[in-house]
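Quick notes on the structure that follows.
In this chain, numbering begins with 1 at the start of the sequence shown.
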Amino acid sequence: MSMRPSPISATVDFDAEGVQHGFLKLPISTDESAWGAVMIPVTVVKNGDGPTALLTGGNHGDEYEGITSLLKLSSSLQPEDVAGRVIIVPCMNTPAVMAGKRTSGLDGGNLNRSFPGNPDGGVTEQIADYFTRVLVPMSDVVLDLHSGGRTLDILPFGASHVLDDKNQQQAALEGAKAFGAPYAMVMFELDAEKLFDTACERQGKVFVATELGGGGTSTPDSMAITERGVRNFLIHYGLIQGEVEMPQGGQRYLDMPDASCYVQSEHSGVLELLVALGDSVTRGQPIARVYDMTRSGSAPVTYHAERDGVLMARRAPALINMGDTLAVIADVVETLDA
């Protein structure tokens with residue numbers, strides 16, 4: 001079925017040489033602005049022929065490492081630094097970023113569960129559609145910067161996925177390692193169908209994702225890892241000159257083979273984690289307790305690891321509800337290859 005052109009218009013010329021700062025403008029009509037627009041900031045830096053890198057942050061609005069690092073990059077990257085084209089979108093889901101929430105403040109949409117999108121859908125689906133049909137096709141490599149947001153804290157890593165095209169998978173895997181976070185991972189998604197990742201990978205693009213901390217904030221350490229990683233990514237794929245800088249102490253490799261890596265709560269209450277982020281765990285080991293807050297004197301429910309590995313993510317708030325992921329355990333591996 002053919003779709004109408006995207007209602008989003010760009011105030012930049014993606015083919016023009018030099019640096020441009022502008023917006024992706026999506027018309028909206030609200031109680032506060034009858035003839036308004038969602039204004040998504042975009043920077044394009046182009047210098048001659050070469051690959052195109054699409055750098056995105058703010059896919060979720062409460063994940064600040066990507067937002068902050070790309071806002072900083074947008075004001076510093078110059079054409080003479082670049083061989084090719086770099087498209088920077090620091091606040092991909094601008095309504096969510098402005099609300100300080102994972103989801104859109106306009107329609108409640110989760111952008112990273114809305115791809116490939118729909119030009120006739122809500123605001124979030126229209127944003128997803130523009131990326132799918134306009135920005136991704138003009139890109140060669142894509143870096144989508146995530147962290148844990150308000151509800152998760154996650155070890156810093158670059159990630160790729162298992163793909164049918166092993167050459168594409170290996171190219172992404174090398175980028176995930178070259179990002180230079182303390183960890184690199186082959187990541188298993190619980191449901192990948194509507195992710196930005198999948199929309200890019202289905203078009204044959206080299207896609208690298210990250211998780212870089214969490215708790216709804218950033219730290220000096222997480223920002224240093226992110227900024228180094230963005231630079232490493234551009235160096236690795238030939239967009240800028242320089243040497244890839246790896247973390248002191250080396251990089252550890254992690255693998256998430258299946259859904260058993262995710263430990264999800266079957267109870268509501270207050271969460272007590274028994275192991276720290278980055279700790280090694282063994283199958284059957286107690287890793288968390290959930291206490292019933294509606295009565296005193298009752299024993300907590302204990303959760304156990306279903307596999308050996310390392311605690312690579314944990315729930316950040318102590319309050320927990322049924323269905324919330326309380327921990328994620330990944331396998332530690334010697335090598336990562338497609």
Side-chain angles (χ1 to χ4, degrees), residues 59-65 93 95-97 99-114 124 146-157 183 185 187-195 211-219 221-222 254 256-332:
N59 194 325
H60 294 129
D62 61 352
E63 301 176 3
Y64 293 104
E65 286 82 359
N93 190 356
V97 173
K101 297 170 58 179
R102 183 175 180 84
T103 56
S104 173
L106 288 177
D107 63 1
N110 183 335
L111 181 58
N112 211 31
R113 303 297 186 275
S114 299
T124 304
H146 286 263
S147 54
R150 292 181 296 170
T151 65
L152 292 170
D153 194 10
I154 307 177
L155 293 177
F157 63 78
Y183 297 85
M185 173 185 289
M187 191 172 185
F188 177 85
E189 307 282 0
L190 286 173
D191 184 3
E193 183 62 27
K194 295 184 178 181
L195 298 182
E211 296 290 353
L212 297 163
T217 188
S218 63
T219 67
D221 284 346
S222 68
L254 303 176
M256 293 177 63
D258 55 48
S260 71
C261 295
Y262 294 85
V263 183
Q264 293 179 313
S265 182
E266 298 179 3
H267 304 82
S268 297
V270 63
L271 173 67
E272 178 192 14
L273 265 295
L274 305 178
V275 293
L277 200 65
D279 282 355
S280 296
V281 301
T282 58
R283 181 179 174 87
Q285 176 183 343
I287 59 171
R289 301 187 186 106
V290 176
Y291 294 83
D292 183 353
M293 296 187 296
T294 66
R295 67 195 73 247
S296 59
S298 59
V301 178
T302 301
Y303 285 81
H304 300 81
E306 296 185 13
R307 63 189 317 111
D308 296 341
V310 63
L311 185 72
M312 52 81 53
R314 55 153 290 173
R315 180 167 172 82
L319 291 179
I320 192 166
N321 290 304
M322 293 179 65
D324 290 338
T325 292
L326 61 87
V328 184
I329 300 169
D331 295 347
V332 178

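- With values rounded to the nearest 0.5 angstrom, Ile287 atom CD1 is found 8.0 Å from Leu274 atom CG.
- Judged by distance alone, the side chains of Asp221 and Thr219 never bring a donor and an acceptor atom under 3.5 Å apart.
- The closest side-chain heavy-atom distance from Met185 to Met312 is below 4.5 Å.
- Within the 4.5 Å cutoff, the side chain of Arg150 has heavy atoms near those of the Lys101 side chain.
- Interatomic distance, His304 NE2 to Gln285 CD, rounded to the nearest 0.5 Å: 9.5 Å.
- Gly214 approaches Asp153 most closely through the heavy-atom pair N-OD1, 3.7 Å.
- Asp292 places none of its side-chain heavy atoms less than 4.5 Å from the side chain of His267.
- Closest of all the heavy-atom pairs between Ala305 and Ile329 is CB-CD1, 3.6 Å.
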side-chain contact (heavy atoms from CB on, under 4.5 Å) between Leu319 and Met293, worked out: CA-CA 10 Å; Leu319 291 179; Met293 296 187 296; 3.5 Å; yes
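- Of all heavy-atom pairs spanning Gly215 and Ala316, the tightest one is CA-CB, 4.4 Å.
- The closest side-chain heavy-atom distance from Pro257 to Arg307 is below 4.5 Å.
- The minimum heavy-atom distance linking Ile154 with Ala313 is given by the pair CG1-CB, 3.9 Å.
- The CD atom of Gln264 lies 6.0 Å from the CG atom of Leu190; values are rounded to the nearest 0.5 Å.
- In this structure, Val332 and Leu254 have side chains that are in contact, with non-hydrogen atoms separated by less than 4.5 Å.
- Considering every non-hydrogen atom in both Ser265 and Ile320, the closest pair reads CB-CD1, 3.6 Å.
- Residues Leu111 and Ser104 are not in side-chain contact: their nearest non-hydrogen atoms beyond the backbone lie 4.5 Å or more apart.
- There is no side-chain donor-acceptor pair under 3.5 Å between Glu306 and Ser260.
- Heavy atoms from other residues, nucleotides or ligands lying under 6.0 Å from CZ of Arg283 number 12 at most.
- When each of Val328, Val263, Leu155, Val275 is checked for a side-chain contact (heavy atoms from CB on, under 4.5 Å) with Leu311, only Val275 meets the rule.
- Atoms CZ and CG, on Phe157 and Leu212 in that order, are 8.0 Å from each other to the nearest 0.5 Å.
- Rounded to the nearest 0.5 Å, atoms OG (Ser114) and CG (Asp107) are 7.5 Å apart.
- Distance alone, capped at 3.5 Å, is enough to place a donor-acceptor pair between the Tyr303 side chain and the Glu266 backbone.
- Rounding to the nearest 0.5 Å places OG1 of Thr103 at 8.5 Å from NE2 of His60.
- Between Tyr262 and Phe188, the shortest heavy-atom contact is OH-O, 2.7 Å.
- A side-chain contact (heavy atoms from CB on, under 4.5 Å) with Arg102 is found for one member of Thr151, Asn112, Asn59, Asp62 and no other, namely Asp62.
- The only option from Glu65, Glu211, Glu63 that meets the side-chain hydrogen bond (donor to acceptor under 3.5 Å, both in side chains) definition with Ser147 turns out to be Glu65.
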